[in-house]
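All values reported here derive from a predicted model rather than from experimental measurement. The first residue of the sequence shown is numbered 1, and numbering continues consecutively from there.
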Amino acid sequence: QLQAFGGGLVQAGGSLRLSCLASTRTFSRTAMGWFRQPRGKEREFVASVSWHGEGREFSDSARGRFTISRDSEKDAVYLQMNRLTPEDTAVYFCTRGDTSANVRAGRGDAWGQGTLVTVSS
């Protein structure tokens, strides 16, 4: 139901855009979000967007560098990541939930496969 892609290798200071495609049944009227999991660490919240696209939340590390957006026509949600640092290296997951609060808390009811982002110094 969720397919994430767009990861890759980038140098520090560079940018990447992750995409997550969802089935229409999954996408409509659901909050969407991104999490990441660095190797050997817990999965952590990165960003979320409400079902109507107006409410956006970011982790402290993402705020000011990352943006999240959704395209209802394409049933897609995007994570634009700028000014990347090696600390952003992780597997990134997209998720959906009935509310933004549940998405941020990691209580999404569906998760995509991860996409690996590697930032070299």
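- Annotation for Ser120 and Leu9: closest pair CB-CD1, 4.3 Å, computed over non-hydrogen atoms.
- Through direct or indirect side-chain contacts shorter than 4.5 Å among Ile, Leu, Val, Met, Phe, Trp and Tyr, Phe5 is connected to Leu21.
- A salt bridge between Asp98 and Arg107 is absent, with no side-chain N of the basic residue lying under 4.0 Å from a carboxylate O of the acidic one.
- For the 3.5 Å distance criterion, the side chains of Arg36 and Ser61 qualify, holding a donor opposite an acceptor.
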request  = Check the pair Leu18, Gln80 against side-chain contact (heavy atoms from CB on, under 4.5 Å), reporting the backbone distance first and the verdict last.
outcome  = CA-CA 6 Å; Leu18 305 183; Gln80 176 67 42; over 6 Å; no

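- Looking at every heavy atom in both residues, Asp71 comes nearest to Glu73 through OD1-N, 3.0 Å.
- Residues Phe58 and Ala47 share a closest heavy-atom pair of CD2-CB, 3.6 Å.
- Of all heavy-atom pairs spanning Pro86 and Ser121, the tightest one is CG-CB, 3.9 Å.
- Rounded to the nearest 0.5 angstrom, Leu84 CG and Thr89 OG1 are separated by 8.5 Å.
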message = side-chain contact (heavy atoms from CB on, under 4.5 Å) for Met32 and Leu2? Distances and angles first, verdict last.
response = CA-CA 10 Å; Met32 302 293 294; Leu2 299 176; 3.8 Å; yes

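- Criterion: ILVMFWY side-chain heavy atoms under 4.5 Å apart, direct or through other members. Under it, Val10 and Val91 are not part of a common hydrophobic cluster.
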ask   = Passes side-chain contact (heavy atoms from CB on, under 4.5 Å), Val103 versus Thr95? Steps please.
value = CA-CA 7 Å; Val103 168; Thr95 182; 3.9 Å; yes

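- From Thr67, atom OG1 reaches atom CZ of Arg17 across 9.0 Å, with rounding to the nearest 0.5 Å.
- Here the side chain of Gln113 pairs a donor or acceptor atom with the backbone of Ala4 at under 3.5 angstrom.
- Put simply, the side chain of Arg56 never gets that close to the backbone of Ser48: no donor and acceptor are under 3.5 Å apart.
- Heavy-atom contacts from other residues, nucleotides or ligands closer than 6.0 Å to CD of Gln37 number more than 12.
- Atom-to-atom distance recorded for Ser15:OG and Arg83:CZ is 9.0 Å, nearest 0.5 angstrom.
- For the atom pair CG (Asp109) and CG (Asn102), the distance works out to 8.5 Å, reported to the nearest 0.5 Å.
- Asn82 has its side chain out of reach of Phe66: every pair of non-hydrogen atoms, C-beta onward, lies at least 4.5 Å apart.
- Taking CD of Glu87 as the reference point, atom OG1 of Thr85 lies at 4.0 Å (rounded to 0.5 Å).
- To the nearest 0.5 Å, atoms SG (Cys20) and CG (Leu79) are separated by 10.5 Å.
- Counting only heavy atoms from C-beta outward, the side chains of Trp34 and Val77 approach each other to under 4.5 Å.
- Salt bridge annotation for Arg70-Asp75: absent, with no cationic side-chain nitrogen under 4.0 angstrom from a carboxylate oxygen.
- Residues Phe93 and Phe35 place their aromatic rings such that the two centres sit no closer than 6.0 Å.
- Contact annotation: the side chain of Met81 never approaches that of Asp88 to less than 4.5 Å [non-hydrogen atoms, C-beta and beyond].
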key: Test log, rule side-chain contact (heavy atoms from CB on, under 4.5 Å), inputs Trp111 and Gln1   = CA-CA 8 Å; Trp111 293 81; Gln1 290 181 321; over 6 Å; no

